[in-house]
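First up is the structure itself, then whatever we jot down about it.
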Amino acid sequence: MMKIITLNSQTKQNLLENLLKRSTNDYGDYEKIVADIIENVKNRKEEAIFEYAQKFDSCHLTKETFQVTRAEIDAAYQEVDAQFIEVMRAAATNIRAYHEKQKRISWFDAKEDGTILGQKITPMEKVGVYVPGGKAAYPSTTLMNVIPAKVAGVPTIIMTTPANADGKVYPATLVAADIAGVDVIYKTGGAQAIAALAYGTEMIPKVDKIVGPGNIFVALAKRAVYGHVSIDSIAGPSEILVLADESATPRYVAADLLSQAEHDELASAILITTSKDLANQVSKEIEHFVEVLERKEIIQKSLKNYGYILIAPDMETAIEATNEIASEHLEILTKDPFGTMTKIRNAGAIFLGEYSSEPLGDYYAGPNHVLPTNGTAKFFSPLNVDDYVKKSSIISYSREALAKVHENIERFAREEGLTAHANSIHVRFEADE
């Protein structure tokens, strides 16, 4: 079911090219549709949004039913299993505690010569959180997107999520939003929700940043509005890479690979190992698991297209390939996982040891599960508190401090041909001439 391949420069290149096929850049046919939706919402606001709700979700919305009420949230608590609510609260506690450690404070550095330099940290004023609905509803993602914003101190968090044909939002999503601290929720999804958050409507204020995953229409809409507002990233399909030696337990490795393959047909699951015996055993375990797992058809297509077992001649080669792939999730199942981890440069989240399975990070441990995909872990980081703040530079010089360096600044400005820049400094010392 999974392709077992000897790892070399050519097979690595073939794999990387295959994985890149999943990029949103390959969905240009949808861009015109998304552009039209965005323009329609900009011009017609709620009127357009309600039409799209009827068209795509068979949901009749009005201005009276567009915003989720407190009564709807309270009703959702009654519909969600009480034990699961407690699980979400426990997860939220862990997520909040982890992200509290990421907080930065403003700082100032004053010197005796009269110079003061610093950095002012300011939370964004309004953040929009997009949460998918229907079968793609993930309460965990609600927690992961909202809690860091709350920790950062964002005063207004606006959530959009589609309602079903009855005008109801997935109950667990509403409970998760309430636990996380969302301020207001509107019943809209798709590219129209992104447009509403980016440009504002009669009821939805324009936000400063939009975060949250979605389908190809959401991804393309986020890309289209980037620059007018900030976004977190263009999320690609889920992926996992397991780096293992002969000490790994084949059954665990197989189970972990399948934990991501079940997401969708474009999900990627890769094992890189130095052990041919482990490769064969994992392949057999996968075949057994697939027969009993519920999302069998999705898993089979995912593994057929983007599932690989790569046998490396040595751990150095395996690590090099791991860094090239730059996976969203990386599990290290070696004799010395912490030692191996020190050689990893590119990965979204790193899971060390056989009891640190990827779903631990998805739901409960605390680090954010919104991670860079499709090789972007080479230059992007997991969603974090810094994503919800702005940094302003602080500069203050006394006359005495500026007097020591004004000629240097003027010379720099004149060298660039910007004489007004030079003059702005020079006029302060005309009396000294």
Side-chain angles (χ1 to χ4, degrees), residues 73 77 84-109 118-131 138-159 172-185 207-213 229-233 235 328-330 338 341 344 347-353 355-373 377 379-394:
I73 295 172
Y77 273 93
F84 180 50
I85 292 173
E86 291 309 309
V87 168
M88 284 196 285
R89 284 181 173 143
T93 297
N94 293 342
I95 296 165
R96 190 171 292 108
Y98 181 87
H99 288 84
E100 284 282 355
K101 292 179 172 62
Q102 296 178 339
K103 286 177 69 174
R104 302 192 193 204
I105 59 173
S106 301
W107 58 268
F108 297 90
D109 180 22
Q119 181 172 266
K120 183 177 184 293
I121 305 291
T122 308
M124 294 180 182
E125 187 176 346
K126 296 184 184 71
V127 166
V129 178
Y130 182 86
V131 177
Y138 300 118
S140 59
T141 297
T142 305
L143 299 177
M144 292 290 183
N145 280 278
V146 175
I147 291 174
K150 296 294 289 187
V151 170
V154 175
T156 304
I157 299 175
I158 300 162
M159 189 174 105
T173 295
L174 289 184
V175 173
D178 192 55
I179 290 172
V182 171
D183 294 291
V184 60
I185 305 169
V207 300
D208 303 310
K209 184 164 189 167
I210 301 172
V211 301
V229 294
S230 179
I231 63 171
D232 50 353
S233 62
E328 177 189 19
H329 305 100
L330 170 63
F338 282 88
M341 179 268 294
I344 298 300
I350 303 173
F351 301 79
L352 304 176
Y355 291 101
S356 304
S357 179
E358 187 277 337
L360 177 65
D362 269 353
Y363 299 115
Y364 205 78
N368 211 286
H369 79 195
V370 180
L371 303 166
T373 58
F379 45 84
F380 283 145
S381 305
L383 189 69
N384 61 84
V385 169
D386 274 359
D387 287 311
Y388 297 97
V389 302
K390 302 173 287 99
K391 305 176 184 74
S392 300
S393 302
I394 304 296

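Because the structure is a prediction, the values reported are computed rather than measured.
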Looking only at atom types and distance, does a side-chain atom of K391 sit under 3.5 Å from a main-chain N or O of D386, one as donor and one as acceptor?
no
Within the side chain of D208, is there an N or O that forms a donor-acceptor pair under 3.5 Å with the backbone of E125?
yes
For the pair D183 (side chain) and I157 (backbone), establish whether a donor and an acceptor sit closer than 3.5 Å, ignoring hydrogens and angles.
yes
Indicate yes or no for a side-chain donor-acceptor contact from N94 to the backbone of A91 under 3.5 Å, with no hydrogens or angles considered.
no
Kindly compute the distance separating CD1 (I147) from CZ (R96), expressed to the nearest 0.5 Å.
4.5 Å
More than 12 heavy atoms of other residues, nucleotides or ligands under 6.0 Å from CZ of F379: is that the case?
yes
Please give me the minimum heavy-atom distance between E358 and F351, naming the atom from each residue.
O-CE2, 3.5 Å
Between L383 and N145, is there a side-chain heavy-atom distance shorter than 4.5 Å?
yes
Test your reading of the model: is there a side-chain donor-acceptor pair from Q102 to the backbone of V385, 3.5 Å cut-off?
yes
Rounded to the nearest 0.5 Å, what's the gap from OH on Y363 to CG on L143? Could you check?
11.5 Å
Would you say the side-chain atoms of S392 and K390 include a donor-acceptor pair closer than 3.5 Å?
no
Could you check if a side-chain atom of I158 sits within less than 4.5 angstrom of a side-chain atom of V207, using non-hydrogen atoms only?
yes
Determine whether a donor-acceptor pair (N or O, by modelled atom type, separation under 3.5 Å) exists between the side chain of N368 and the backbone of N384.
no
For H369, does its backbone N or O pair with a side-chain atom of D362 as donor and acceptor, under 3.5 Å?
no
